[in-house]
Amino acid sequence: MTFWLFKSEVATWSWDQQVAKGDAGEEWDGVRNYQARNHMRAMKPGDLGFFYHSQKEKEIVGIIEVIAESHPDSTTDDDRWDCVDIKAVRALPRPVTLAMCKDDPRLADMVLVNNTRLSVQPVTPEEWTIILELAGDKG
DNA sequence: GCCAACGTTGGC
DNA sequence: GCCAACGTTGGC
């Protein structure tokens with residue numbers, strides 16, 4: 001089991017839209033960054049991830065599950081770009097803001113804090129647990 | 001709205 | 001293969 005974090009602007013693809021897709025989920029398309037793509041290629045069905053709203057909200061709002069391995073991105077003919085499918089698992093009881101992550105010394109090395117521009121990134125098991133704690137999520 | 005960080009492109 | 005120019009992301 002590996003943990004991840006997916007970033008999206010609310011205007012582009014929001015948590016509510018993800019939830020509306022239900023268990024069918026949706027492909028995480030549109031990624032045009034090699035690092036982000038490589039992370040998606042490393043994902044396995046059953047992996048869990050956080051759903052983060054960038055720009056305005058700047059907070060982790062929910063948990064998603066990877067439901068399909070990486071496959072060609074249907075929004076482009078360029079075969080360099082792959083994506084996975086994800087579905088919403090549950091919303092966090094309270095969102096965890098970027099500011100909260102920055103304020104917690106245990107999260108000082110988190111990619112979210114240190115590489116603001118990477119839209120798909122790994123999360124360590126320790127970070128995963130800490131964020132669930134900050135969110136008041138009991139699993 | 002600005003700007004820092006960083007990734008990509010393309011000329012050489 | 002280097003690097004300058006440019007474009008984009010996203011926090012502030």
Side-chain angles (χ1 to χ4, degrees):
Chain A
M1 165 80 70
T2 312
F3 299 108
W4 310 95
L5 183 145
F6 294 76
K7 265 188 211 177
S8 182
E9 286 180 60
V10 168
T12 307
W13 182 253
S14 70
W15 172 249
D16 287 345
Q17 285 173 282
Q18 186 68 54
V19 169
K21 289 287 177 179
D23 287 344
E26 179 77 356
E27 66 173 26
W28 193 262
D29 56 33
V31 170
R32 300 293 182 264
N33 172 284
Y34 291 109
Q35 270 183 277
R37 183 208 60 190
N38 291 344
H39 289 315
M40 289 199 286
R41 286 184 174 175
M43 292 177 191
K44 299 264 189 317
D47 282 356
L48 297 178
F50 289 128
F51 192 109
Y52 176 83
H53 277 155
S54 64
Q55 304 241 21
K56 185 163 176 286
E57 291 74 12
K58 297 191 292 290
E59 58 191 17
I60 298 167
V61 292
I63 296 172
I64 59 84
E65 179 182 338
V66 176
I67 56 172
E69 289 187 349
S70 74
H71 55 80
D73 184 331
S74 70
T75 62
T76 177
D77 289 333
D78 191 330
D79 60 14
R80 289 178 299 171
W81 305 120
D82 297 337
C83 60
V84 295
D85 294 359
I86 66 171
K87 69 169 184 179
V89 175
R90 64 177 180 273
L92 294 177
R94 23 173 215 281
V96 176
T97 65
L98 179 62
M100 287 165 68
C101 292
K102 288 191 165 181
D103 283 348
D104 195 316
R106 296 173 298 171
L107 297 175
D109 293 330
M110 203 178 166
V111 180
L112 183 67
V113 173
N114 294 298
N115 186 351
T116 57
R117 297 185 62 236
L118 186 58
S119 62
V120 179
Q121 51 184 257
V123 174
T124 68
E126 291 77 18
E127 291 161 352
W128 183 266
T129 304
I130 292 163
I131 286 163
L132 290 183
E133 173 197 310
L134 294 174
D137 186 294
K138 304 290 191 286

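Every chain is numbered from 1 and lettered A, B, ... according to where its sequence line falls, protein lines coming before strand lines.
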Separation of [N] [atom2] from [X] [atom1] (nearest whole Å):
X	N	atom1	atom2	result
A:L5	C:dT9	CG	C1'	15 Å
A:L98	C:dT9	CG	P	18 Å
A:Y34	B:dG7	OH	C1'	10 Å
A:L118	B:dC6	CG	P	11 Å

May I ask you to evaluate whether [X] reaches the phosphate of [N], defined as a side-chain N or O under 4.0 Å from OP1 or OP2?
X	N	answer
A:K102	C:dC12	yes
A:Y52	C:dT9	no
A:Q55	C:dT9	no

* Donor/acceptor link under 3.5 angstrom from A:R32 side chain onto base of B:dT8 -> no
* Which part of the nucleic acid, if any, lies within contact of A:E9, taking any heavy atom under 4.0 Å across all strands shown: a base, the sugar-phosphate backbone alone, or nothing? ->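 A:E9: no heavy atom of the nucleic acid under 4.0 Å.
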* To do: Could you please name the option among C:dG10, C:dC12, C:dT8 that lies closest to any side-chain atom of A:R117?
  =>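 The nucleotide sitting nearest to the side chain is C:dT8.
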* To do: Could you work out which one of B:dT9, B:dG7, C:dG10 sits closest to the side chain of A:R80?
  => B:dT9
* Asked: With a 4.5 Å limit on heavy-atom distance, are the side chains of A:K102 and A:L98 in contact?
  ->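 A:K102 reaches A:L98 side chain to side chain.
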* Asked: When the ring planes of A:F6 and A:W28 are compared, do they come out parallel, tilted or perpendicular, using 30° and 60° as the limits?
  ->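 Rings of A:F6 and A:W28: perpendicular, over 60°.
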* Asked: When the ring planes of A:W4 and A:H39 are compared, do they come out parallel, tilted or perpendicular, using 30° and 60° as the limits?
  ->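 Plane angle between 30° and 60°, so tilted.
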* Can you measure from CD (A:E126) to CG (A:L107) and round to the nearest 0.5 angstrom? => 11.0 Å
